[in-house]
Q: 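Below is one structure. I have some questions about it.
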Amino acid sequence: MPSAACDVLLDDIEDIISQEDSKPQDRQFSRKHVFPKVRRRNTQKYLQEELRPPSDSTIPGIQKIWIRTWGCSHNNSDGEYMAGQLAAYGYKITENASDADLWLLNSCTVKNPAEDHFRNSIKKAQEENKKVVLAGCVPQAQPRQDYLKGLSIIGVQQIDRVVEVVEETIKGHSVRLLGQKKDNGKRLGGARLDLPKIRKNPLIEIISINTGCLNACTYCKTKHARGNLASYPIDELVERAKQSFQEGVCEIWLTSEDTGAYGRDIGTDLPTLLWKLVEVIPEGAMLRLGMTNPPYILEHLEEMAKILNHPRVYAFLHIPVQSASDSVLMDMKREYCVADFKRVVDFLKEKVPGITIATDIICGFPGETDQDFQETVKLVEEYKFPSLFINQFYPRPGTPAAKAEQVPAHVKKQRTKDLSRVFHSYNPYDHKIGERQQVLVTEESFDSKFYVAHNRFYEQVLVPKNPAFMGKMVEVDIYESGKHFLKGQPVSETRVYTPSISKPLAKGEVSGLTKEFRNRLGNHPNGTSDTYPATQHGSAYSRMVLQMSQFDCALKVAAGLFLLALLLHFWPESMLIM
């Protein structure tokens, strides 16, 4: 390659510098007027924006979730457990449906209106482009319904895997977990009782003592979802109660599809469980029994009367009669007659003075005649139940009663109105005016004007909104009564008794996060857990830990850059000459 011509021979590379070029000292003099500019910004805000995933991100564990529950206290307990697990893994539980990224809809299959609300909520979620996870008895009983196609479902016995289902749904997948929990082939009561939960009311713990039942009522769809009886062991239930009291709970509700049948599958019974529970209830705290059908309570009347007389157990029992006609009860396959129901009620009213008996009645069941209905009216007039749930019959798909010849709709409607009129013709609490009662305050009234308390018989007593009363046992004088309530004025200088053995959790706070639980998650963020199967797919918790590590690292880098800029600004001039 030919070389280029050169007219001047250079002895040194530095000779390239001409006289017009700046000398080193000139460059140094100019540098005196150049200062490094420190860029000021909100480091915390900047880092949060840098770490925030893009708007189209599908990384689970950071989304907002809205949970809606319909139905019984058992369903409400399931909803609390699902909320607790999701919150423990980093999801934010919100009460604003429009603000949520995913809707968790926990359904009830007892009556058509409840399922209609559920179906409409699914439609609304889809219209608003929300991710949807379905739970409860409707999808469990009939998962192949057209309006459930393509949607994720969590079964009633699989609620401990809700994080897994939510994660996959957020990624755009459809997941269905509908299996039964078994141990050596024996069906279990359901998910573990020591899972985290967010109580709707931090003062009230709802404990499901068993799932399913032993009956085969011809109108019941819940049986298709909850199945046959499966009871939790007594020691697990007692431990759950003790944990609840340690978290500030002052009232426990025992719930199931039939509490009276508890233990028949595991060689024990309801009275045995109750005597164990009352041993751990602190003074001033209360226990409320759930619904029990007449056949199973008949065997334990003596023991049940003793338990209902216990000072830490509400003298209250919910015993559904459904109809006062033996022929209708036979068609329902209720496995008792009206005489059995009366025997239970009469015995308890005699042995537990003042006891509140609540009951249910179905109007317009297939084959119910006018005479059948009049027998039911007479029963209500005789016993004047203070708490009565009147339901118009709704045929549920897949049940034997749905295939029977139906009572005309207008007849069902009229019978429901007629029985409601009878119920509202008497006031069960007038004789209580002037009494002095001890009441336990646990919530606020719907109109926000009063606090709601309950007396020994689980009758609703409205008291003034004094924050010092919440979660306390207060002595009041009854001065007014209504159809469904009493009003009480606190006795002056009365001692306000605190039944809780510790301060209640804040509303929305996750319960069940024991030291052992925290250590398990902290030490093994990517490992598997018997309690949390979702961790095998990389739990949201591990991602949350990773995000925190990234945040710490970025914070250190930003601090280092800031210090370097200050260093350049104030460094001695002599050290800058290279």
Q: Any side-chain donor paired with an acceptor under 3.5 Å for Asp372 and Thr369?
A: yes

Q: Less than 4.5 Å apart, any side-chain heavy atom of Asp360 and any of Leu388?
A: no

Q: For the side chain of Ser107 and the backbone of Val138, is there at least one donor-acceptor N/O pair under 3.5 Å apart?
A: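 Checked: pair present.
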
Q: Quick test of your reading of the model: are Glu164 and Arg161 salt-bridged, counting only N-O distances below 4.0 Å?
A: yes

Q: State whether Arg288 and Glu251 are salt-bridged, where the test is any N-O pair (Lys NZ or Arg NE/NH1/NH2 against Asp/Glu carboxylate O) under 4.0 Å.
A: no

Q: Could you walk me through whether Ser325 and Ser323 pass the side-chain hydrogen bond (donor to acceptor under 3.5 Å, both in side chains) test, one step at a time?
A: CA-CA 5 Å; Ser325 166; Ser323 173; 4.7 Å; no

Q: Aromatic ring centroids of Phe365 and Phe393 under 6.0 Å?
A: yes

Q: Please check if the number of heavy atoms outside Lys333 that lie under 6.0 Å from its NZ is greater than 12.
A: no

Q: Less than 4.0 angstrom from a charged side-chain N to a carboxylate O is my criterion; do Lys124 and Glu127 meet it?
A: no

Q: Run His74 and Glu257 through side-chain hydrogen bond (donor to acceptor under 3.5 Å, both in side chains) and show every step you take.
A: CA-CA 8 Å; His74 192 166; Glu257 283 63 59; 2.9 Å; yes

Q: When you compare the side chains of Asn96 and Thr94, does any donor N or O come within less than 3.5 Å of an acceptor on the partner?
A: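 Thr94 and Asn96 do not have a side-chain donor-acceptor pair below 3.5 Å.
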
Q: Got a sec, which residues hit side chain to side chain contact (heavy atoms under 4.5 Å, CB included) with Cys217, two or more places apart in sequence or on another chain?
A: Asn215, Tyr219, Cys220, Arg334

Q: Can you confirm whether Asp160 sits close enough to Gln85 that some side-chain heavy atom of one is under 4.5 Å from a side-chain heavy atom of the other?
A: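 Answer yes - side chains close enough.
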
Q: Please determine whether a side-chain nitrogen of the Lys or Arg among Arg415 and Asp418 lies less than 4.0 Å from a carboxylate oxygen of the Asp or Glu.
A: no

Q: Side-chain contact, heavy-atom cut-off 4.5 Å: Leu178 with Gln158?
A: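 No, their side chains stay 4.5 Å or more apart.
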
Q: Check for me whether Lys483 meets the cation-pi criterion with Phe423, that is, NZ or CZ under 6.0 Å from the six-membered ring centre and within 45 degrees of the ring axis.
A: yes

Q: Within the structure provided, determine whether Thr399 and His224 are in side-chain contact (heavy-atom separation under 4.5 Å).
A: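 Thr399 vs His224: side chains touch.
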
Q: Counting distance only, does the side-chain N/O of Asp258 pair as donor-acceptor with the main-chain N or O of Thr292 below 3.5 Å?
A: no

Q: Relative to the ring of Tyr458, is the ring of Trp253 parallel (under 30°), tilted (30 to 60°) or perpendicular (over 60°)?
A: perpendicular

Q: What is the distance from atom CD1 of Ile67 to atom CH2 of Trp103, rounded to the nearest 0.5 Å?
A: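 The CD1 atom of Ile67 sits 13.5 Å away from the CH2 atom of Trp103.
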
Q: Check each of Ile206, Ile204, Leu505 against Arg199 using the side-chain contact (heavy atoms from CB on, under 4.5 Å) test, and report the only one that passes.
A: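 Per the side-chain contact (heavy atoms from CB on, under 4.5 Å) rule, the option paired with Arg199 is Leu505, out of Ile206, Ile204, Leu505.
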
Q: Do Leu254 and Leu277 have side chains that get closer than 4.5 Å, going by heavy atoms?
A: yes

Q: Ion pair present between Lys412 and Glu368, side-chain N to carboxylate O less than 4.0 angstrom?
A: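 Between Glu368 and Lys412 there is no salt bridge, as every charged N stays at least 4.0 Å from the carboxylate O atoms.
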
Q: Does NZ in Lys200 sit with more than 12 non-hydrogen atoms of other residues, nucleotides or ligands closer than 6.0 Å?
A: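 Not more than 12 within 6.0 Å, no.
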
Q: How long is the straight-line distance from OH of Tyr262 back to CG of Leu270, given to the nearest 0.5 Å?
A: 8.5 Å

Q: With a 4.5 Å cut-off on side-chain heavy atoms, are Ser511 and Ile198 touching?
A: no

Q: If you define the side chain from C-beta out and look only at heavy atoms, does anything of Pro386 sit under 4.5 Å from Tyr429?
A: yes

Q: Can you see whether Thr69 engages Asn76 through a side-chain donor-acceptor pair at a distance of less than 3.5 angstrom?
A: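 Their side chains do not contain a donor-acceptor pair, so the 3.5 Å distance test is not met.
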
Q: Check whether any side-chain N or O of Lys111 sits under 3.5 Å from a backbone N or O of Tyr394 as a donor-acceptor pair, and report yes or no.
A: no

Q: Under the 3.5 angstrom rule, does the side chain of Thr218 hit a backbone N or O of Pro400 as a donor-acceptor pair?
A: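 Looks like no, no N/O pair under 3.5 Å.
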
Q: In terms of relative ring orientation, are Tyr383 and Phe341 parallel, tilted or perpendicular, with 30° and 60° separating the classes?
A: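 Ring orientation, 0 to 90° scale: perpendicular.
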
Q: For a side chain to side chain contact (heavy atoms under 4.5 Å, CB included) check, start with the C-alpha distance between Val166 and Leu102, then their side-chain angles and the critical distance, and finish with the verdict.
A: CA-CA 8 Å; Val166 166; Leu102 180 143; 4.1 Å; yes

Q: Using distance alone, with no hydrogens and no angle criterion, decide if Arg68 and Asn106 have a side-chain donor and acceptor under 3.5 Å apart.
A: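 No pair is found: no donor N or O on one side chain lies under 3.5 Å from an acceptor on the other.
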
Q: So, do Val463 and Phe450 sit near enough that their side-chain heavy atoms are less than 4.5 Å apart?
A: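 With C-beta onward as the side chain, the pair stays apart.
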
Q: So, Arg396 and Glu115, do they make that salt bridge, N to O below 4.0 Å?
A: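 Salt bridge: yes.
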
Q: Can a donor-acceptor pair be found between the side chains of Lys507 and Asn201 at a distance below 3.5 Å?
A: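 No.
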
Q: Using the rule given for ring-ring contact (aromatic ring centres under 6.0 Å, His included), can you reason through His318 versus Phe389, listing the C-alpha separation, both sets of side-chain angles and the distance that settles it, and then say yes or no?
A: CA-CA 10 Å; His318 180 191; Phe389 303 95; 5.5 Å; yes

Q: Could you tell me whether Lys64 and Asp101 make a salt bridge, using a distance below 4.0 angstrom between a side-chain N and a carboxylate O?
A: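 A salt bridge is absent here (no side-chain N lies under 4.0 Å from a carboxylate O).
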
